[in-house]
Amino acid sequence: MVNLTSNRLTRRCVLQGIAAGMVANGFATGGAIAASKIPFGVAVHLDPFRQEPRFRNLLKKHADLIVPMNALKWASLRYDRDKFDFTGADEIIDFALQHGKSIHGHALLWYHANPKWLDAIRSARELERLLAQHIEQVAGRYEGKIATWDVVNEVVAHDPLTQGKWRRGIWYDLLGPRHVELAFAAAARAAPSARLFINDYDLEDDSLRTEARQTAILQIVRRLQDKNIPIHGVGLQAHLYAERGIGRENLGKFVRSLDALGLEVAVTELDVIDWKLPADRDRRDRAVAATVREFLEALTSAGQPRNVTTWGLSDANSWVKETFPRQDSAIARPLPFDANWQPKPMFHEIKKFTG
Ligand code: G3I
């Protein structure tokens with residue numbers, strides 16, 4: 001029997017498996033909604049985690065999976081070139097282990113949130129060596145604890161139609177497309193038990209730009225598989241814009257293409273950007289919940305995601321507030337709990353899918 005989840009996954013072996021009528025990686029193919037519970041994940045920002053007992057209580061009660069939001073980024077771990085600081089990451093990971101939660105790691109390579117000294121490097125050889133060492137240290141330290149990793153985050157250009165396929169930044173500029181292969185190969189060596197993901201945003205609507213982004217992800221996945229470099233899944237960040245709508249057919253097609261390649265899908269950073277919605281609180285909360293429902297219905301009708309993770313839990317701590325400020329004086333309400341840690345319609349909507 002072909003093992004569709006093995007670390008030595010090739011395109012040919014996946015196609016053989018599908019021809020033999022197998023179901024890949026727990027996806028219910030053929031449009032069926034799988035009956036089992038989808039784990040609910042929460043990304044944890046260190047400040048409220050340390051300061052807010054209500055946050056920790058809600059995590060204990062509701063989260064199946066925990067993601068350190070920033071603590072595993074280069075900027076947090078590698079402020080100084082010569083020493084790693086695992087303090088914040090360990091705090092969150094110890095909490096997760098103590099309370100029986102799974103852990104998703106974010107992220108081993110990103111063009112953003114890097115220490116200044118890293119962005120100043122000009123030698124490809126030096127950068128390649130640093131990348132391998134970093135992944136060996138970080139993924140190796142948490143081997144057996146972190147179940148899934150965003151090995152690379154946002155490596156596709158914002159708009160491949162006008163900018164070319166790849167995201168510009170230190171990794172691409174010095175190492176070229178190879179940076180993705182180097183990262184996945186290093187992660188597979190350092191954390192052989194972990195499931196390895198490529199993570200990106202704007203994969204959920206039906207614009208031509210989104211289609212181009214989906215195509216770029218599929219090309220990257222195929223290239224890794226052709227080279228026998230393990231990749232197990234794609235993370236849909238799902239920073240949803242309430243005004244955009246969900247590209248139901250497009251999303252379904254993308255998820256089925258990934259399924260055919262033997263890959264899982266996870267929802268990794270769900271929240272709803274509500275800057276264009278009416279200010280009225282109840283109307284806004286209902287529209288945010290409806291956006292989440294539309295997305296999760298479209299997704300689960302194509303296959304069961306590995307988990308659904310929100311990028312934070314309470315509106316009190318969200319990047320959306322600053323990055324997408326509203327024209328009026330209303331405060332963003334992108335997450336499942338309000339600023340007083342009370343559940344909103346979005347939470348109840350997610351629970352319908354995650355049980
Ligand atoms: O490191 C300092 C810390 O020393 C200080 O105490 C603190 C005071 O607020 O600021 C700290 O750094 C901030 C860091 O978050 C941790 O709080 C950075 O200035 C701030 O830029 C950083 O923002 C994060 C951003 O990624 C960049 O890393 C956001 O919280 C986080 O939500 C955002 O997450 C990204 C995902 O990783 C990838 N996808 C998009 C998503 C939203 O931008």
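The figures that follow rest on heavy atoms only: side chains count, while hydrogens, waters and symmetry mates do not. Order of listing sets the numbers, starting from 1, for every ligand and every atom in it.
Under 3.5 Å, the side chains of Asp271 and Trp319 contain a donor-acceptor pair of N or O atoms. A side-chain donor from one of Asp205 and Thr210 sits under 3.5 Å from a side-chain acceptor of the other. Of the N and O atoms on the side chains of Asp90 and Tyr142, at least one donor lies less than 3.5 Å from an acceptor on the other residue.
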Can you produce the list of protein nitrogen or oxygen atoms under 3.5 Å from a nitrogen or oxygen of ligand 1, alongside each distance?
{"from": "ligand 1", "atom 1": "15 (O)", "to": "Asn70", "atom 2": "ND2", "distance (Å)": "3.4"}
{"from": "ligand 1", "atom 1": "17 (O)", "to": "His45", "atom 2": "NE2", "distance (Å)": "3.2"}
{"from": "ligand 1", "atom 1": "26 (O)", "to": "Lys73", "atom 2": "NZ", "distance (Å)": "2.9"}
{"from": "ligand 1", "atom 1": "28 (O)", "to": "Lys73", "atom 2": "NZ", "distance (Å)": "3.0"}
{"from": "ligand 1", "atom 1": "30 (O)", "to": "Asn70", "atom 2": "ND2", "distance (Å)": "3.0"}
{"from": "ligand 1", "atom 1": "32 (O)", "to": "Trp311", "atom 2": "NE1", "distance (Å)": "3.0"}
{"from": "ligand 1", "atom 1": "34 (O)", "to": "Trp311", "atom 2": "NE1", "distance (Å)": "3.1"}
{"from": "ligand 1", "atom 1": "37 (O)", "to": "Lys73", "atom 2": "NZ", "distance (Å)": "2.7"}
{"from": "ligand 1", "atom 1": "37 (O)", "to": "His106", "atom 2": "NE2", "distance (Å)": "2.7"}
{"from": "ligand 1", "atom 1": "39 (N)", "to": "Glu154", "atom 2": "OE2", "distance (Å)": "2.9"}
{"from": "ligand 1", "atom 1": "39 (N)", "to": "Gln237", "atom 2": "OE1", "distance (Å)": "3.3"}
{"from": "ligand 1", "atom 1": "39 (N)", "to": "Gln237", "atom 2": "NE2", "distance (Å)": "3.4"}
{"from": "ligand 1", "atom 1": "39 (N)", "to": "Glu269", "atom 2": "OE1", "distance (Å)": "2.7"}

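Phe95 and His99 have tilted rings, their planes meeting at an angle from 30° to 60° on a 0 to 90° scale.
Partners of Asn317 by side-chain hydrogen bond (donor to acceptor under 3.5 Å, both in side chains), not counting sequence neighbours: none found.
Other residues, nucleotides and ligands place no more than 12 heavy atoms under 6.0 Å from the CD atom of Gln327.
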